[in-house]
> 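One structure, as structure tokens, below. Some questions next.
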Amino acid sequence: MGFIIRAATLEDCKDISRMILELAEYEKVSDQVKITQRDLEQDGFSKNPFFHGIIAEVPEDLKSKEGHTKVGYALYFYTYSSWKGRAVYMEDLYVMPEFRGKGIGKALMSKVSQLGLAAGCTQLNFTVLDWNKSSLDFYLKQGCWDVTSDLGYHCMRCEGVALEHLAQGDL
Amino acid sequence: MANFILRKAEPQDVPDILRLIKELAKYEDMEDQVKLTEKDLLEDGFGNHPFYHCVVADVPAEHQKVEGYSVIGFAMYYFTYDPWIGKLLYLEDFYVMTEYRGFGIGSEILKTLSDTAVKNRCSSMHFIVAESNKASIDFYKRRGASDLSLQEGWRLFRIDKENLLKLSAEE
């Protein structure tokens with residue numbers, strides 16, 4: 001197989017941070033990444049973590065051109081559907097380009113599914129950018145369906161100044 | 001009608017929360033999709049590791065328009081994580097009974113939630129809306145929300161239990 005899938009630890013945050021930036025670059029928005037390695041350590045590995053991580057690791061002799069053995073990751077957390085109950089949300093799924101095509105992405109996603117099912121979840125949710133055709137194809141092949149397309153649900157956000165005005169009761 | 005209070009939901013509110021979840025689902029023509037039971041809501045919201053939080057709007061007896069109901073609105077939310085910007089507040093459900101609209105209850109609920117988001121150092125509040133629900137989309141846009149599906153091309157994807165089991169069984 002040539003790789004292992006395991007739970008992320010505090011020590012993995014340096015590589016997770018590196019790969020988060022790589023994924024943001026791939027999505028053409030790396031200037032939007034504000035979270036640091038230290039934030040990840042605090043937010044993911046304290047008493048009440050806000051997310052959980054899974055790492056894909058290769059042995060030393062298969063390391064990347066730049067010497068990395070941690071070559072993929074997935075970040076997930078538990079959410080709740082008011083119709084169906086417990087759900088798991090996969091926030092990030094990434095495999096370094098030189099390690100693609102070996103089943104690592106699928107193995108990461110399979111692990112998130114296993115953990116979600118073990119926690120009593122009945123669905124796995126995530127978002128994909130509409131131009132990301134290779135990812136869209138990959139997910140549709142795993143049996144996912146497009147909720148935005150089929151049910152017309154749009155993802156909305158209220159942030160920054162708008163959020164603060166809302167908190168103060170301004171209209 | 002001036003009098004209503006917003007408060008944190010308690011275990012005895014569970015039957016009302018489920019009633020309002022079903023009313024909201026009916027409004028979206030999805031009533032048959034609600035599989036959640038009172039037992040699920042109790043275990044998942046009021047145990048050691050809650051999957052969700054809830055605020056409810058309560059009216060005093062003399063203002064009750066609908067026989068026997070004092071809980072006439074609610075919002076269900078939980079905390080999520082964006083590895084680029086950190087903690088977020090996710091609004092799962094938000095509903096006020098039709099007889100009680102137009103009195104500012106919805107606005108007050110949203111204000112409370114935004115305040116919770118800001119106090120918990122969340123940089124953003126996220127939620128989904130059906131594109132056919134023009135009244136709700138206008139309500140949110142008036143308060144500064146942006147449509148990520150339209151503006152940035154994000155599509156929500158889902159895998160349901162049957163395919164989740166298949167995916168988790170793959171090596």
> With a 4.5 angstrom heavy-atom cut-off, could you sort out which part of A/Y80 is near chain B: side chain, backbone, both or neither?
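The answer is both parts of A/Y80.
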> Of the backbone (N, CA, C, O) and the side chain (C-beta and beyond), which part of B/A130 lies under 4.5 Å from a heavy atom of chain A, both, or neither?
both
> With a 4.5 angstrom heavy-atom cut-off, is it the side chain or the backbone of A/Y139 that approaches chain B, or both, or neither?
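Just the side chain, heavy atoms under 4.5 Å.
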> Is it the side chain or the backbone of A/T36 that comes within 4.5 Å of chain B heavy atoms, both, or neither?
neither
> Which bit of B/M76 comes within less than 4.5 Å of chain A, counting heavy atoms only: side chain, backbone, both or neither?
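Only the side chain of B/M76 comes within 4.5 Å of chain A.
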> Picking from A/T79, A/N132, A/L23, A/L40, which has the most non-hydrogen pairs under 4.5 angstrom with chain B?
A/T79
> Identify which part of B/N133 has an atom lying under 4.5 Å from any heavy atom of chain A, answering side chain, backbone, both or neither.
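B/N133 has no heavy atom closer than 4.5 Å to chain A.
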> May I ask you to decide whether A/D150 forms a salt bridge with B/R158, counting only side-chain N to carboxylate O separations under 4.0 Å?
no
> Checking heavy atoms, do the side chain of A/L117, its backbone, both or neither come under 4.5 Å from chain B?
side chain
> Regarding A/K63 and A/E60, does a basic nitrogen lie under 4.0 Å from an acidic carboxylate oxygen?
yes
> Please classify the contact of B/S123 with chain A as side chain, backbone, both or neither, using a heavy-atom distance under 4.5 Å.
backbone
> Output the option from A/S149, A/A162, A/A24, A/G152 having the highest count of non-hydrogen pairs under 4.5 Å with chain B.
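Of the options given, most contacts go to A/G152.
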> Checking heavy atoms, do the side chain of A/W145, its backbone, both or neither come under 4.5 Å from chain B?
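For A/W145, backbone and side chain are both near chain B.
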> Strictly below 4.0 Å, N to O, side chains only: are A/D43 and B/K87 in salt-bridge contact?
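The answer is no: the pair does not qualify as a salt bridge.
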> Which answer fits A/D146, side chain, backbone, both or neither, if we ask what part of it has an atom under 4.5 Å from a heavy atom of chain B?
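For A/D146, backbone and side chain are both near chain B.
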> Measure B/E152 against the heavy atoms of chain A and call it side chain, backbone, both or neither at under 4.5 Å.
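B/E152 touches chain A through backbone and side-chain heavy atoms alike.
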> Please rank B/G144, B/G86, B/S149 by heavy-atom pairs under 4.5 Å with chain A and give me the top one.
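Ranked by heavy-atom pairs under 4.5 Å with chain A, first place is B/S149.
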> Heavy-atom pairs under 4.5 Å with chain A - which of B/P83, B/A25, B/G45, B/A117 has more of them than the others?
B/P83
> Please identify, among A/S81, A/G85, A/G116, the residue contributing the most non-hydrogen atom pairs under 4.5 Å to chain B.
A/S81
> Give a yes or no on whether a salt bridge exists between B/E43 and A/R86, defined as a side-chain N under 4.0 angstrom from a carboxylate O.
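Salt bridge present between B/E43 and A/R86.
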> Could you tell me which of B/D115, B/V34, B/L36, B/L156 has the largest number of non-hydrogen atom pairs under 4.5 Å with chain A?
B/L156
> Can the ring centres of A/F99 and A/F3 be said to be less than 6.0 Å apart?
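No, too far apart.
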> Do the two ring centres, one from A/H52 and one from A/Y76, sit under 6.0 Å apart?
yes
> So which heavy atom on A/Y78 is nearest to which on A/L115, and how close?
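Shortest heavy-atom contact: OH-O, 3.6 Å.
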> Measure B/Y78 against the heavy atoms of chain A and call it side chain, backbone, both or neither at under 4.5 Å.
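Answer is side chain: those atoms of B/Y78 sit under 4.5 Å from chain A.
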> Flag the one option from A/C121, A/S113, A/A87, A/G120 with the top tally of heavy-atom pairs under 4.5 Å to chain B.
A/S113
> Within 45° of the axis and under 6.0 Å from the centre of the six-membered ring of B/F139, does NZ or CZ of B/R142 qualify?
no
> Could you check whether B/Y52 and B/E92, counting side-chain N and O atoms only, form a donor-acceptor pair closer than 3.5 Å?
no
> Cut-off 3.5 Å, side chains only: do A/E66 and A/S64 have a donor facing an acceptor?
no
> Once you measure the plane-to-plane angle for B/F127 and B/Y140, does it fall in the parallel (<30°), tilted (30-60°) or perpendicular (>60°) bin?
tilted
> Looking only at heavy atoms and a cut-off of under 4.5 Å, which of A/I16, A/L140, A/D92, A/L75 has the most pairs with chain B?
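Most pairs with chain B among the choices: A/D92.
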> Do you know the tightest heavy-atom contact between A/Y26 and A/S135?
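Heavy atoms only, the tightest pair is OH-OG, 4.5 Å.
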> With respect to chain A, which residue among B/I85, B/L150, B/V118, B/D40 yields the maximal number of heavy-atom pairs within a distance under 4.5 Å?
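Most heavy-atom pairs within the cutoff with chain A belong to B/I85.
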> Relative to chain A, which segment of B/L41 carries a heavy atom at a distance below 4.5 Å: side chain, backbone, both, or neither?
both
> Side chain, backbone, both or neither: which part of B/D147 has a heavy atom under 4.5 Å from chain A?
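Looking at B/D147, backbone and side chain both touch chain A.
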> Are B/D82 and A/R157 ion-paired here, with the side-chain N under 4.0 Å from a carboxylate O?
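Salt bridge absent between B/D82 and A/R157.
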> Does NZ in B/K161 sit with more than 12 non-hydrogen atoms of other residues, nucleotides or ligands closer than 6.0 Å?
no
> Can you tell me which portion of A/Q32 sits under 4.5 Å from chain B's heavy atoms? Options are side chain, backbone, both or neither.
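Contact with chain B: backbone and side chain both.
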> Name the option with the most non-hydrogen atom pairs under 4.5 Å to chain A; the candidates are B/N163, B/L18, B/T37, B/I137.
B/N163
> For the interface with chain A, which of B/E162, B/Q33, B/K35 has the highest count of heavy-atom pairs at distances below 4.5 Å?
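Heavy-atom pair counts peak at B/Q33.
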> Can you tell me which of A/M109, A/M90, A/K111 forms the most heavy-atom pairs within a distance under 4.5 Å of chain B?
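Of the candidates given, the most pairs with chain B belong to A/M109.
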> Does the distance from a Lys or Arg side-chain N to an Asp or Glu carboxylate O, for A/D15 and A/R18, drop under 4.0 Å?
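So A/D15 pairs with A/R18 through a salt bridge.
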> Chain B heavy atoms under 4.5 Å from A/L129: which part of the residue, side chain, backbone, both or neither?
both
> Answer yes or no for B/R121 and A/F50: cation-pi contact, defined as NZ/CZ to six-membered ring centre under 6.0 Å and angle to ring axis within 45°.
no
